[in-house]
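These notes concern the structure reproduced below.
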Amino acid sequence: MAATDEEVLKLHQIGAEDCPVAMLDCTQPFGQLTQQEKLYAHYLGAAGFEGTKICLFQTSYESPAIFELLHRVFASASGDVGGMDDLFKAAAFSDTERKQLTAYYACFLGNMGNYKSFGDTKFVPALPQERMHAFICASPAYKADKAVLDTLWAAVAEPMYSLQPSVRSLGLGEDGVSGYYSARCTKADAENVQAVMVKHNISGYNTRLFKQPSPDAPTKTRYQLRVASAVAKAGPVFENEDKAGSWDRIEVVFGDHAPFMQRIVDNLKQALRYAANETEQKMIQAYIKCFAEGDIEDHKEGSRHWIRDKGPAIESYIGFIESYQDPFGVRGEWEGFAAVVNREISAKFGSLVDAAERFLPMLPWPREFEKDKFLKPDFTALEVLAFGSGGVPAGINIPNYDDIRQNEGFKNVSLSNVLRAGYSFGGDEWVTFLRQEDQTLYKNKASEAFDVQVGIHELLGHGSGKLFMEDASGSLNFDKNAVTNPVKGGQPIDSWYKPGQTWDSQFPSFGSSYEECRAESIGIYLSTELDVLRIFGFEGAVADDVMYINWLHMVRAGLLALQFYTPGKEGMSGWGQAHMMARFAILQVLLEAGQGFVTLTRGSKDQESRQGTFVSLDRAKILTVGRPAIGDFLCKLQTYKSTADTAAGREMYAKYTFVNDDMLALRAEVMANRKPRRLFVQHVTSVSAGGRVDLQSFEPTTEGMIRSFVKRFPASDGELLAAWQATAAACNPYAKAA
């Protein structure tokens, strides 16, 4: 049944109540740093945030223009709080209108675009369009530069508010919009170019794909693969070997996002002056080379040095990292962070690392499917100072390069102040879809259970498992005559990664979610091990409670995942968030296990909770029913991943992420009870004339979020405006629809 206009608005409008905000407080840890460390952290954080403007271009056609328009308006306010008051008085805004506008723009800034980074769905202002325009026209910025603001408003007025079906979510072709691709690109186009990229060993992480009619053959397509770099130059050209094919040429062009890449390079050069050791210097030098010239091999070299930088006071990572938001799953979103290491909490993670080689053999696949040698990583708890991207995660396992992870190692980080600020419950807050008898225990133990889950997920989840690979000389990294396939009844291994093939290239589109599902499954599987729980300080009845809440949290999350599913799309493309898609798959596995282990109870709506569906889990059956079911599922997940068996992996994952009629019926209740994710206000650092690094904090409100960005960036950005205008025609999906 098609949604009504009112239902669509309810799903996509951002009102005043839709933006809970928390402060990522790093005041005390930052204050304990030396002057050199503060300067190092400042410039790394500045580099990361300069790159966030790239996220605008990666999200949607209109996002850069919306940012430039509203940033100019808010930056034109004089002073601080009083200046913002004057902006709203000039437009004769009511208190409600003020809240509507600041909620929308704070949500925009928290996602660095007008699509949710966690969910991939578009959001629009609750403030009427004519009142938005009135606010802009009443501002000092409009009086100072009327022509530019009129041009920006003319370009974004429709896209900012449009909820036509083709633009409600991120996707390729008819499935949605994406800033990684020009407006006419389809999945077939992405596949055409990806095949050539694999053949020539070209990474997609720092690229965008544009499409146009060939000037030499108007019936054919010509592609432009745009590589992010500060230096603009022509790259290689690849002719289609199939002369009867639909395209004739792929032209590689360097210099995409050039102004922002140059700013990143400039800040990294400053950070280089304050690096603590030679390893950090080599790391930053490699990053500078990558961001200047566009070669991902330089970023990989920087990542190798980053892995070797053990126990730093300031932890960081920067580049085109996660491919969650790319509908095709191969292009990375910009991300750059600087954080202070919390050594007390990191000690727990260090104990988990030391014990990892004891826990890895407990995973439910043959020894041959595990890495030949576990390369012990750094695993640290961090207090985020600056995290520049479209969203802030709770934990990270990086780098994402398969060859480095398999042969040289990785690092894990848990973001402690993110966990504190984003994953807490108020005493009177009703936790949706849980029974009354689970409410108190869940609220008391959810944060502790999540700590355990994040620790296992990042270290033993993403850090486990071997990829069977063939190198350029034809050598295999496994014994083809000895290793057998546990899913195929012990038959010989008959598939593996060929030269040039990677996990991302062989498992595009659904691979990110598949890997998150593997890591999440390992998290709950190993949370049943008492020795793991003991490392986190939990024993006896408390350990049993933490284990129970961790499993309960996962099945509840699987139900909540329905809010990230869009009905009517083909196959797995209806899913808009990799982690939530993964949790839904786990819920389906546990429901399939039967024996009353997981139950979804539907009845009349409860007066207190206003809902009629409750998820329950029989804690007495975690070890006897839940663990074996997840173990069998994990063995398949790992086997298909190890052997590059894309077809089998896709078939299984499609089965467990399929939303049947019963689940679709539950989706309406999930949507009615959904709660918005918190936005995070971050500190802004600045360097005084005397070289002192000052830390400024902002109130945890939507207006505090806006003030932090006004403080962080200049009032206008002509280079951003020029970059947007240069690609606007190619990227405008509204012009295409017309």
Side-chain angles (χ1 to χ4, degrees), residues 9 12-23 56 62-114 122-162 676 678-684 696-717 720-721:
L9 273 177
H12 294 272
Q13 258 188 1
I14 292 293
E17 71 284 355
D18 294 321
C19 284
V21 182
M23 179 70 198
L56 298 167
E62 64 270 19
S63 285
I66 292 174
F67 175 85
E68 183 66 10
L69 174 63
L70 293 181
H71 186 74
R72 285 184 181 223
V73 170
F74 278 105
S76 69
S78 60
D80 194 9
V81 177
M84 192 173 287
D85 289 342
D86 291 341
L87 281 179
F88 291 109
K89 287 177 183 177
F93 261 40
S94 68
D95 186 58
T96 296
E97 289 174 324
R98 178 172 181 162
K99 289 178 179 177
Q100 288 174 333
L101 175 52
T102 58
Y104 171 77
Y105 192 43
C107 191
F108 181 97
L109 295 173
N111 292 276
M112 286 311 288
N114 60 336
K122 187 176 183 178
F123 54 90
V124 300
L127 181 73
Q129 188 180 61
E130 65 273 13
R131 295 299 291 152
M132 178 73 78
H133 191 214
F135 175 75
I136 293 166
C137 293
S139 69
Y142 187 78
K143 294 176 176 61
D145 209 341
K146 178 179 181 296
V148 171
L149 267 65
D150 278 343
T151 298
L152 288 168
W153 175 251
V156 305
E158 178 195 352
M160 183 188 287
Y161 284 87
S162 176
R678 286 187 178 99
L679 302 174
F680 296 120
V681 179
Q682 301 183 45
H683 299 291
V684 175
Q696 184 169 346
S697 302
F698 303 85
E699 69 274 19
T701 64
T702 56
E703 294 188 12
M705 171 76 89
I706 294 168
R707 288 190 186 97
S708 73
F709 273 77
V710 168
K711 177 68 176 179
R712 191 180 298 280
F713 293 118
S716 64
D717 191 339
L720 180 149
L721 183 58

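Hydrogens, waters and symmetry mates play no part in the numbers below; they use all other heavy atoms, side chains included.
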Please list, chain by chain and in numerical order, all residues satisfying side-chain hydrogen bond (donor to acceptor under 3.5 Å, both in side chains) with N114, sequence neighbours excluded. S60, E62, S63
Does L721 reach the side chain of L152, with side-chain heavy atoms less than 4.5 Å apart? yes
Shortest non-hydrogen contact from V156 toward A65: CG1-CB, 3.4 Å
Distance, nearest 0.5 Å, that separates OG of S94 from CD of Q100: 7.0 Å
All side chain to side chain contact (heavy atoms under 4.5 Å, CB included) counterparts of A90, not counting sequence neighbours: A138
Can you tell me which residue pairs pass the side chain to side chain donor-acceptor pair (under 3.5 Å) test with a partner in residues 151-161, sequence neighbours excluded? none
Pairing residues for D18 by the salt bridge (Lys or Arg N to Asp or Glu O under 4.0 Å) criterion, not counting sequence neighbours: none
Which heavy atom of C19 sits nearest to which heavy atom of T702, and what is that distance? CB-CG2, 3.9 Å
Can R98 and D85 be said to form a side-chain contact (heavy atoms from CB on, under 4.5 Å), step by step? CA-CA 9 Å; R98 178 172 181 162; D85 289 342; 2.7 Å; yes
Test side-chain contact (heavy atoms from CB on, under 4.5 Å) applied to L70 and I706, step by step: CA-CA 10 Å; L70 293 181; I706 294 168; over 6 Å; no
Spell out, as yes or no, whether a donor-acceptor pair under 3.5 Å connects the side chain of H133 to the backbone of P128. no
Under the side-chain hydrogen bond (donor to acceptor under 3.5 Å, both in side chains) test, which residues partner S697, sequence neighbours left out? H683
Can you measure from CG (N111) to CG (L56) and round to the nearest 0.5 angstrom? 11.0 Å
Dump the intermediate steps for side-chain contact (heavy atoms from CB on, under 4.5 Å) on F713 and L720, then the final yes or no. CA-CA 12 Å; F713 293 118; L720 180 149; over 6 Å; no
Heavy-atom pair with the smallest gap, counting every atom of G15 and A103: O-CB, 3.4 Å
Quick one: NZ on K143 to SG on C137, what's the gap to the nearest 0.5 Å? 8.5 Å
Which residues pass the salt bridge (Lys or Arg N to Asp or Glu O under 4.0 Å) test with K146, sequence neighbours left out? D150
Minimum-distance pair of heavy atoms, taken over all atoms of G704 and V681: O-CG1, 4.1 Å
My understanding is that only residues two or more places apart in sequence, or in another chain, count here; which of them pass side-chain hydrogen bond (donor to acceptor under 3.5 Å, both in side chains) with S708? none
Is it the case that the side chain of E703 and the backbone of T102 share a donor-acceptor pair, with hydrogens and angles ignored and the cut-off at 3.5 Å? no
Restricting to pairs with a member in residues 66-75, which pass salt bridge (Lys or Arg N to Asp or Glu O under 4.0 Å), not counting sequence neighbours? E68-R72, R72-D145
For V124, is there any backbone N or O sitting under 3.5 Å from a side-chain donor or acceptor partner on H12? no
Are V684 and F698 side-chain neighbours, meaning at least one heavy-atom pair lies under 4.5 Å? yes
So M132 and L101, do their side chains get closer than 4.5 Å, heavy atoms only? yes
Any residue meeting ring pair (Phe, Tyr, Trp, His ring centres under 6.0 Å) with F93, in chain and number order, not counting sequence neighbours: F88, F135
Salt bridge (Lys or Arg N to Asp or Glu O under 4.0 Å) contacts in which one or both residues fall within residues 126-138, not counting sequence neighbours: E97-R131
Drop me the distance from F709's CZ to Y105's OH, to the nearest 0.5 angstrom. 8.0 Å
Within this structure, what is the CE-CG distance for the pair M160 and L69, rounded to the nearest 0.5 Å? 6.0 Å
Separation between CD1 of I136 and CG of L87, rounded to the nearest 0.5 Å: 11.5 Å
Could you check whether any side-chain heavy atom of H71 comes within less than 4.5 Å of a side-chain heavy atom of D717, counting everything from C-beta outward? no
Can you list the steps and then say if Y104 with L127 is a side-chain contact (heavy atoms from CB on, under 4.5 Å)? CA-CA 8 Å; Y104 171 77; L127 181 73; over 6 Å; no
